[in-house]
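Below, chain A is the first sequence line, B the second, and so on; all start at residue 1. Fair warning: this is a prediction, and the values are worked out from it, not measured in the lab.
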Amino acid sequence: MSQPSGNVMDKIVALCKRRGFIFQSSEIYGGINGFWDYGPLGVELKRNVKNAWWNDMVHARDDMVGLDCSIIMHPQVWKVSGHFDLFSDMMQTCRQCKKLYRADHVGPELAESKWFQAFRGLVAEHQEQPASQDFVEQWAERKGKKLAPGLAPAIKAIGRVDERLIEAGRNQTLAAKLAVYCPNCGGDLTDPRPFNLMFETHTGALQEDENKAFLRPETAQGIFVNFKNVCDSTRIKLPFGIAQVGKSFRNEITPRNYTFRSREFEQMEIEFFCHPSESGRWYEYWRDLRMRWYTELGLAGSRLRLREHDKDELSHYSCGTSDIEYAFPFLAEGDFGELEGVAHRGDFDLRSHMEGKLVAKDGQLVLDVGPDGKPKWKGSGKDLTYFDDERKERFVPHVIEPSAGADRGTLAFICEAYTVDESRPSPELMKFHPRLAPIKAAVFPLVNKDGLPEIAEPIYRDLRKRWPCQYDAKASIGKRYARMDEAGTPYCFTVDGQTKEDGTVTVRDRDTGHQERIDKSRVAEYLGRHLHR
RNA sequence: GCGGGUGUAGCUCAGUGGUAGAGCGUCACGUUGCCAACGUGAAUGUCGUGGGUUCAAGUCCCAUCACCCGCUCCA
């Protein structure tokens with residue numbers, strides 16, 4: 001499949017730039033890390049992805065409604081949802097080996113680390129001389145040097161051995177809390193510094209702490225806080241879902257892999273509300289349905305997979321989560337990247353917005369309280385329960401959340417469509433599903449004379465009313481087919497000499513090159529039929 | 001944030017301190033008449049950006065930005 005030189009992803013990136021699918025943001029100023037633009041073909045493709053999703057998930061169903069909420073919401077939304085706490089992780093870097101750690105991961109990792117295990121043995125041998133630290137220094141410079149190369153420089157840098165290290169050497173519980181030495185090399189760590197994963201802004205002209213606000217890191221919370229509004233303003237009944245497509249923002253530490261991890265990205269999210277007794281069934285339903293959606297749009301091979309999360313991988317509130325993953329060409333062989341997560345979230349979200357921020361304790365969700373016994377983050381206090389008229393029962397609905405990345409999906413469709421077939425006169429082509437193709441058809445006069453343009457142009461003008469189409473009379477016919485192959489246009493209609501005699505045109509199929517003749521009056525009908533195959 | 005690599009035309013890339021190049025693509029004209037044909041011609045460059053060294057910098061040095069790879073992170 002791949003070209004002899006360079007890897008496939010480079011070819012895809014080059015084609016996307018060359019043909020106007022994806023550009024780097026602010027390119028003429030040198031670009032900006034983690035932001036991307038969609039060009040004329042890209043915007044059509046991505047819009048087709050979103051429209052296909054909206055059509056199939058909302059319009060084609062009677063248990064779904066849509067929503068479009070603001071990107072900036074009340075700051076309390078993010079405090080209650082847990083994003084405020086989780087998104088401002090404290091991070092530490094090792095001054096010796098430069099590794100980056102989440103502060104709350106350092107202790108546990110240290111307790112398990114090889115050098116620290118050896119160090120514990122050393123401390124045990126020196127029970128009698130707790131006052132002296134020399135044995136630690138000696139160990140760091142000699143026997144311990146292989147396991148903990150950073151320890152000796154760290155001691156030199158700090159000027160002494162931190163007593164807590166020796167204490168921790170005697171007590172594993174203390175070790176799990178010690179965030180001073182690097183689990184990897186024994187080096188000294190920087191003080192914990194906050195990494196703000198949410199974009200901050202201010203409402204109003206004055207930038208003060210009181211009016212600090214956040215760009216949403218997910219669209220889901222907008223759905224939860226509008227749950228009651230939707231119930232009250234529509235006649236929809238449980239089980240039902242609310243869908244939303246929109247931009248979200250995360251200050252990723254390392255934007256990487258083309259558009260896969262961007263700081264500004266678009267989500268297609270569903271929150272499906274149901275009775276707790278039926279949530280397991282609905283979870284499986286949505287997991288399978290979403291997997292099928294990708295398959296039907298062309299991600300059909302072994303590069304797409306469904307991966308059920310392990311128990312220890314689940315968020316504290318989730319009773320089940322599956323990722324729909326794609327083997328992107330920029331990943332290592334055998335690695336997959338997430339396109340969509342389908343999560344069983346129980347009643348976590350609606351309860352949070354009623355009661356306040358929740359945490360898991362002994363397998364139960366309880367209010368997160370501070371040292372003073374008061375809630376850490378207060379909820380809205382509004383009643384978000386649902387009364388089921390048929391069951392005569394009031395309850396907090398459970399939620400199934402299929403959360404898809406529009407940009408990731410679009411990128412996967414691009415990667416999957418990219419095909420190199422050396423047996424063709426123009427080897428590079430994009431095999432987009434007809435529903436997703438940015439240009440649905442092209443109309444050509446075989447030659448730009450002899451009255452052929454006069455026949456072809458009206459056909460084109462007619463098609464253009466219903467679909468994005470192109471007319472091309474320049475260059476040789478082969479070159480025009482090749483140009484359309486590269487854009488992923490599924491059908492080309494060509495007017496030739498015979499058209500003048502019997503009124504037929506040729507239809508050329510992008511994937512096979514196969515041609516057939518149809519009457520020029522049936523072009524629109526033919527295209528309509530084949531686009532929705 | 002750390003380490004390594006890369007950055008020259010729309011794309012892919014050559015380029016030895018001394019005049020900015022090629023292939024492909026694009027455009028025009030001619031020719032051809034169903035799969036990137038051919039001929040002639042044309043347009044397109046702050047050599048990523050900013051400093052420095054030098055008589056002279058795409059080339060050497062420093063900084064910076066972006067992309068790729070590895071580490072880290074990925075709620």
Complement of B/U46, any strand, by Watson-Crick or G-U distances under 3.5 angstrom: none

Sugar-phosphate, base or nothing in reach of A/F444, heavy atoms under 4.0 Å: nothing

Distance below 4.0 Å between A/K11 side-chain N/O and B/U12 OP1 or OP2: no

Candidates B/C34, B/A66, B/A36 - which lies nearest the side chain of A/Q24: B/A66

Watson-Crick/G-U partner (both atom distances under 3.5 Å) of B/C60: B/G52

Whole-Å P distance, B/U44 and B/G52: 30 Å

Closest listed nucleotide, where the reference is the side chain of A/W36 and the choices are B/G33, B/C67, B/C35: B/C67

Gap between atoms NZ and P, on A/K17 and B/A66 respectively (whole Å): 16 Å

Between A/S322 and A/Y283, a side-chain donor and acceptor under 3.5 Å: yes

Touch class at under 4.0 angstrom, heavy-atom based, for A/E486 against every strand present: base

Nucleotide of B/C34, B/A36, B/A66 approaching A/Q515 most closely (side-chain heavy atoms): B/C34

Candidate nucleotides B/C34, B/G33, B/A36, ranked by approach to the side chain of A/T506 - the nearest: B/C34

Rounded C1' spacing from B/C68 to B/U16 in Å: 28 Å

Between B/C38 and B/U31 - C1' atom distance, rounded Å: 8 Å

Given RNA chain B, 5'-ward residue of the pair A/F265 and A/F330, judged by closest heavy atom: A/F330

Side-chain N or O of A/N33 closer than 4.0 Å to phosphate OP1/OP2 of B/C65: no

OP1 or OP2 of B/G25 under 4.0 Å from side-chain N/O of A/K479: yes

Any-strand Watson-Crick or G-U partner of B/G7, both distances under 3.5 Å: B/C65

Pairwise C1' distance, B/G10 and B/A37 [rounded to whole Å]: 23 Å

Touch class at under 4.0 angstrom, heavy-atom based, for A/D485 against every strand present: nothing

Watson-Crick or G-U wobble partner of B/A22, both distances under 3.5 Å: B/U12

Under 4.0 angstrom between A/N257 side-chain N/O and B/C69 OP1 or OP2: yes

Ring geometry between A/F432 and A/F21 (parallel below 30°, tilted from 30 to 60°, perpendicular above 60°): tilted

Given RNA chain B, 5'-ward residue of the pair A/R483 and A/G30, judged by closest heavy atom: A/R483

Pair assignment for B/C73, Watson-Crick or G-U wobble, requiring both distances under 3.5 Å: none

B/U12 and B/C55, which share atom name P, separated by this distance in whole Å: 38 Å

Cation-aromatic face contact A/R305/A/F336, 6.0 Å, 45 degrees: yes

Candidate pair A/F444 and A/Y481, rule ring-ring contact (aromatic ring centres under 6.0 Å, His included), full reasoning: CA-CA 9 Å; A/F444 306 144; A/Y481 286 144; 5.6 Å; yes

Residues A/E271 and A/R345 bridged, charged N to O under 4.0 Å: no

Over 12 non-hydrogen atoms of neighbours within 6.0 angstrom of NZ in A/K500: yes

Sugar-phosphate only, base, or nothing, as touched by A/Y258 at under 4.0 Å among non-hydrogen atoms: sugar-phosphate

Spacing of A/D335 atom CG relative to B/C71 atom P, expressed in whole Å: 10 Å

Who pairs with B/A28 - Watson-Crick or G-U, where each distance is under 3.5 Å: B/U40

Between B/C47 and B/A20 - C1' atom distance, rounded Å: 8 Å

Atom P, compared across B/G15 and B/G25: separation rounded to whole Å: 23 Å

OP1 or OP2 of B/U32 under 4.0 Å from side-chain N/O of A/S476: no

Touch class at under 4.0 angstrom, heavy-atom based, for A/G34 against every strand present: sugar-phosphate

Nearest to side-chain heavy atoms of A/R256, which nucleotide of B/C11, B/C34, B/C69: B/C69

Any donor-acceptor pair under 3.5 Å from A/W36 side chain to A/S262 backbone: no

Whole-Å P distance, B/G51 and B/A56: 16 Å

